[in-house]
Amino acid sequence: MIRNSASEMAAKLAAGETTSVALTQAHLDRITAVDADVHAFLYVDTEGALAQAAAVDAKRAKGEKLSPLAGVPLALKDVMAQKGVPTTCGSKILEGWRPPYDSTVVANLKKNDVVILGKTNMDEFAMGSSTENSAYGPTHNPWDLTRIPGGSGGGSSAALAAFEAPLAIGTDTGGSIRQPAAVTGTVGVKPTYGGVSRFGLVAFSSSLDQAGPCARTVLDTALLHEAIAGHDPKDATSINAPVPQVVAAAKSGDVKGMKIGVVKELNGDGYQPGVRARFEESLELLAKAGAEIVEVSAPNFEYALAAYYLIAPSECSSNLARFDAMRYGLRVGDVDGASAESVMNLTREVGFGKEVKRRIILGTYALSSGYYDAYYGSAQKVRTLITQDFTKAFEKADVLVSPTCPTTAFKIGEKANDPLAMYLNDIATIPVNMAGIGGMSLPSGLADEDGLPVGFQIMSPVMKDERMYSVGAALEAALLSKWGAPLLDKAPVLGGAR
Amino acid sequence: MSSLSRDDVAKLAGLARIEMSEEELVNLSNEFTVILDAVARVQEVAGADVEPTSHPLPLRNVFRADVVVPSLTPEEALSGAPAQEEQRFRVPQILGEE
Amino acid sequence: MTLSYDDVIAKYEPVLGLEVHVELNTNSKMFCGCSTVFGAEPNTQTCPVCLALPGALPVVNEKAIESTIKIGLALNCSIAPFSRFARKNYFYPDMPKNFQISQYDEPICVDGYVDVEIETDEGPKTFRVEVERVHMEEDTGKSLHVGGATGRIHGAEYSLLDYNRAGIPLVEIVTKIVPGTGKYAPEVAKAYVAELRDILRALGVSDVKMEQGSLRCDANVSLRLIGAEKLGTRSETKNVNSLRSVERAVRGEMIRHAELLNAGGRVVQETRHFQEDTGLTRSGRSKEQAEDYRYFPEPDLVPVAPDAAWIEELRATLPERPSIRRKRLQEAWAVPDKEMSAMINADVLDIVEATVLLGSDPSKARSWWLGEISRIANDKDVAIADLTITPQDVAEIVALVNAGELTDKLARQVVEGVIAGEGKPSEVVAKRGIKVVNDDGALMAAIEKVCAEQAETAEKVRNGHLPAAGALIGAVMKETKGQADAARVRELLLGHLGQGN
Ligand SMILES: [Mg+2]
Ligand SMILES: [Zn+2]
């Protein structure tokens with residue numbers, strides 16, 4: 001049962017073939033069986049999840065009209081505030097903090113009766129591409145436990161790939177939904193910026209962060225997308241417009257006559273041969289399904305990484321200032337005679353990990369007087385140029401595509417001491433965040449050289465998210481008939497029973 | 001060439017309120033030489049004629065009505081406090097301006 | 001050693017700069033729905049947003065924007081077609097996010113002015129104070145310092161924080177430098193803040209209570225030698241919590257700077273704190289090492305771009321300018337300059353107008369508020385506004401006097417009673433049994449009694465020695481406990497003694 005897709009589970013629940021309590025219990029059992037190896041979860045809310053499941057079952061028994069995903073379990077990235085449930089963001093500085101409020105995403109999940117199993121591991125404050133930066137230890141890729149599951153949302157993607165949950169919430173600032181999806185053989189979507197509320201999403205970089213759906217199929221991500229999206233008056237950057245019809249698009253999967261633009265700059269040197277091979281193969285399948293493949297150029301994308309590593313650290317240096325030991329979280333050095341300032345200094349030294357400190361210092365520098373124009377200011381100009389590149393490219397194509405990442409999952413520890421090499425992982429995902437458009441990653445097969453999953457990225461214009469779902473569904477269907485079974489069936493068996 | 005000395009890093013750490021060991025200061029200073037070189041590339045294309053983008057969407061005038069909504073209870077507000085007294089957050093002595 | 005003010009102005013020219021922070025009187029906070037009511041129990045008006053809990057986001061209060069635009073219009077500013085919020089980054093425990101959402105290089109209102117009139121040696125003169133900018137920001141929480149001496153930071157062992165005030169909308173009004181005031185700098189500073197306060201009050205956008213901190217003034221002062229071009233180093237004096245203090249602080253700083261400069265020293269650019277008791281300032285944090293606030297556009301908020309229609313709609317709601325209103329009232333009430341100034345100085349203009357609008361004639365209203373009531377407020381050492389007596393009460397008392405139901409003397413007793421909390425004027429009259437004795441029979445009885453007791457005096461009057469009547473009238477008044485109308489007593493007495501006409 002746990003290997004079903006979320007929509008299959010929902011259908012069984014609706015047909016009375018199982019109950020949410022049984023389904024939830026099955027996932028809790030799976031977590032117990034495999035999470036010691038995978039370490040996808042930081043907190044499992046057994047009681048809360050079963051109580052929620054029982055409540056949905058009761059509603060169903062009464063014949064209440066329920067939402068499409070009612071009763072289906074989900075794994076929540078630990079960056080989302082959930083009332084009364086520990087929310088750490090993978091950081092020591094928030095250890096033990098239980099929010100007195102729900103994020104809007106959590107409120108929407110509860111409204112849709114999606115059962116929240118617990119909180120998933122992540123790079124501290126979402127800064128990283130490997131989930132090695134969690135203060136609570138790394139998450140392991142279910143395809144190869146010695147490898148990273150991507151990051152920052154490695155916990156969510158690993159939970160999906162290990163069948164610990166059929167649905168997960170991720171957040172994507174520079175690729176933190178799409179890159180983990182790519183390296184774990186799962187599907188992840190970064191909606192248009194403003195499409196899903198950021199209220200209650202602990203901010204890393206406010207102008208780039210976006211929460212989104214993660215699952216094992218395109219349709220499941222679409223269902224979850226519609227459950228969490230929509231205008232939120234509590235988020236001033238939320239778009240006040242109808243949610244794009246992503247479920248309908250995922251169901252139809254029609255690409256006939258669509259123009260698919262291959263971004264010249266997001267392929268080639270630096271991309272692993274197996275990644276490029278799977279990408280070319282997917283393009284052929286899409287062409288066969290009736291799409292027209294065109295080439296587009298985005299000359300300023302080569303500056304995206306540099307701009308990102310100025311904008312995100314700058315915003316984070318300010319966003320993370322609130323972690324100061326005064327109102328919540330860790331407090332260190334509060335001895336007789338200590339000053340507030342020294343307690344702040346000591347707490348932030350102990351409470352933040354190395355990567356977080358690195359970015360805070362970098363951001364502090366980029367914003368400081370005398371350097372603002374050269375760094376932060378210039379990065380914002382690059383952002384304009386990247387947005388213009390996208391605008392021009394979307395004049396020639398309905399969606400743009402590229403490999404999600406240059407490589408498959410690397411070994412845990414392999415890039416830990418080389419921040420620049422680590423940052424390169426996000427080279428193809430970052431431009432999407434800079435322009436605020438939508439992006440999806442779905443599995444396109446395994447690289448020949450290492451047998452590890454490869455991701456295919458689809459990018460759609462602002463609030464045209466349905467387009468990437470159409471293309472994603474078409475490609476998924478074509479690949480499935482080629483493979484004969486879901487890609488995850490090729491993953492090694494974890495924890496015994498399937 | 002862009003670089004940050006150990007003392008520059010110490011000053012930034014002070015602004016960012018992070019205590020740092022000598023070793024950390026030196027390591028970061030070394031790392032920044034590489035990182036800054038990489039990020040300084042943004043200056044190559046950022047001409048005076050390019051408008052900066054601080055926000056990905058061209059939204060304007062997003063407001064809320066001046067309506068009071070229920071606050072947290074003081075218990076909820078103080079639930080995460082490392083220390084409290086008299087329904088207030090207790091913090092170490094504040095030095096500096098009055 | 002202390003220089004006289006005359007010595008200072010003989011040698012130096014002062015240059016002023018004034019920054020005023022105004023708390024807006026919106027119902028909810030700047031970026032969240034928490035209440036702004038003053039004086040609530042600690043931390044009862046807080047939420048994830050104003051406590052800066054992880055994940056919380058600000059949303060701008062529309063009324064605060066409207067109030068700010070109105071302020072800008074009233075101060076003759078241009079309203080920016082596009083403005084943005086920015087983060088001002090610095091760590092301080094009373095500021096939950098460790099940044100203040102403020103405005104930096106794109107404020108909402110720019111380039112205005114306020115004309116203030118002050119009395120000079122050559123008569124009234126108008127000074128134009130130019131306003132550089134009006135921008136929006138948010139207030140901080142309040143800290144209570146525990147241990148040590150007096151609740152001050154120095155010597156405190158720890159602090160207790162209440163974030164009820166955190167996030168209350170603030171408007172900051174910054175002047176350009178104000179040169180050319182010469183010796184009148186302290187008066188101009190005071191008059192500017194007073195005019196600003198009157199404008200803000202008339203707009204209805206703030207409680208403008210300096211003593212409660214809803215209007216706070218920072219006074220920047222520098223001196224340069226008369227005729228010099230280059231500006232001197234300025235000090236910024238905070239904590240100036242009354243109009244009188246504004247004047248004292250500026251004067252005090254001018255003298256302090258001059259003493260330093262005369263002794264060959266230099267003025268340090270720093271924040272200083274005004275001390276109400278001594279009228280002097282005390283050094284705060286030195287700004288020698290400038291703060292680096294790392295301003296950048298607030299990414300959680302979108303730009304404010306008011307269109308012309310909205311601005312005109314707000315302009316149409318602007319009330320009469322206080323200075324124009326004063327001229328209008330002075331004419332309507334036919335008050336001489338001196339008394340008008342007296343009313344303005346005593347800050348009774350609003351209350352007198354309210355009384356007049358309730359039917360009192362202007363001269364009576366003025367004389368009650370400026371006379372008896374001001375005297376009582378002075379004796380009690382409170383502000384007139386803090387007394388329980390209202391314009392409604394005074395109008396009622398004036399009406400009772402006009403109707404002959406109270407004498408002026410009795411009316412004073414009624415005023416006393418109202419202020420003592422005995423109720424409305426009619427209740428005081430009833431409770432104290434105050435009434436004019438109009439009953440001629442009762443008066444005649446008293447007159448006959450007095451004339452019998454003081455037969456000799458009565459005889460003098462009967463014989464045409466009228467000045468002697470005063471003693472008899474006084475005795476009758478005493479006999480009737482002051483409740484008689486003295487004129488009527490005199491009339492009846494003289495008739496009784498054959499001197500009527
Ligand atoms: Mg300010
Ligand atoms: Zn609040």
Side-chain angles (χ1 to χ4, degrees), chain A residues 79-81 87 89 94 97 99-101 103-104 125 197-203 205-209 232-238 311 314-315 317-329 334 336-338 340-341 343-345 363-372 376-377 380, chain C residues 31-33 43 46-62 85-101 104-105 141 143 145 147 153 155-163 166 290-304:
Chain A
V79 74
M80 281 289 173
T87 300
C89 301
L94 270 180
W97 181 63
Y101 78 104
S103 54
T104 298
F125 289 107
S197 171
R198 290 187 297 116
F199 187 78
L201 187 183
V202 181
S205 179
S206 312
S207 74
L208 300 165
D209 294 343
D232 181 11
K234 289 181 189 159
D235 174 0
T237 63
S238 159
I311 292 171
S314 294
E315 292 183 6
S317 72
S318 175
N319 282 330
L320 270 58
R322 67 188 58 195
F323 302 103
D324 65 355
M326 299 295 114
R327 291 163 303 284
Y328 45 78
D334 191 3
D336 251 10
E341 184 174 345
V343 168
M344 287 182 187
N345 281 325
T364 304
Y365 176 60
L367 290 175
S368 62
S369 104
Y371 299 96
Y372 180 95
Y376 189 72
Q380 288 199 321
Chain C
F31 301 115
C32 64
N43 295 305
T46 66
C47 72
V49 178
C50 57
L51 285 174
L53 296 190
L57 295 173
V59 184
V60 174
N61 183 336
E62 183 166 26
F85 287 96
R87 291 188 184 176
K88 180 180 185 181
N89 293 287
Y90 65 102
F91 284 81
Y92 210 78
D94 65 8
M95 191 170 60
K97 299 185 291 292
N98 285 318
F99 59 79
Q100 183 190 36
I101 304 180
Y104 181 49
D105 52 354
S143 21
H145 305 298
I153 271 190
E157 283 160 22
Y158 58 91
S159 299
L160 297 176
L161 287 161
D162 168 14
Y163 292 107
E291 284 276 356
D292 189 344
Y293 292 123
R294 289 158 286 135
Y295 283 101
F296 73 102
E298 166 57 278
D300 287 329
L301 295 173
V302 304
V304 178

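Computed over heavy atoms, backbone and side chain alike; hydrogens, waters and symmetry mates excluded. Naming convention: chains lettered A, B, ... in sequence-line order (proteins, then strands); numbering from 1 in each chain.
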#### Entry: Approximate separation, where rounding is to 0.5 Å, of C:Asp292 CG and A:Tyr372 OH
12.5 Å
### Message
Within this structure, what is the CG-OG distance for the pair C:Asn98 and A:Ser317, rounded to the nearest 0.5 Å?
### Response
12.0 Å
Chain C heavy atoms under 4.5 Å from [X]: which part of the residue, side chain, backbone, both or neither?
X: A:Pro233; value: backbone
X: A:Ser368; value: both
X: A:Tyr376; value: side chain
X: A:Leu208; value: neither
X: A:Phe323; value: side chain
X: A:Asp336; value: neither

Counting heavy-atom pairs closer than 4.5 Å to chain A, which one of [options] comes out on top?
options: C:Leu53, C:Val49, C:Leu301, C:Leu161; result: C:Leu53
options: C:Asp300, C:Val60, C:Leu51; result: C:Asp300
options: C:Ala52, C:Pro54, C:Pro299; result: C:Pro54

Side-chain contact, heavy-atom cut-off 4.5 Å: [X] with [Y]?
X: C:Arg294; Y: A:Thr364; value: yes
X: A:Met344; Y: C:Pro93; value: yes
X: C:Arg87; Y: A:Ser206; value: yes

Could you tell me which of [options] has the largest number of non-hydrogen atom pairs under 4.5 Å with chain C?
options: A:Arg322, A:Met326, A:Glu315, A:Met80; value: A:Arg322
options: A:Leu320, A:Val79, A:Asp324, A:Thr104; value: A:Asp324
options: A:Lys234, A:Arg198, A:Glu341, A:Gln380; value: A:Arg198

### Query
Which atom names give the shortest non-hydrogen contact between A:Ser318 and C:Phe99, and what distance separates them?
OG-CD2, 3.2 Å
Is chain A contacted by the side chain of [X], its backbone, both, or neither, given a heavy-atom distance below 4.5 Å?
X: C:Tyr295; value: backbone
X: C:Pro48; value: side chain
X: C:Phe296; value: both

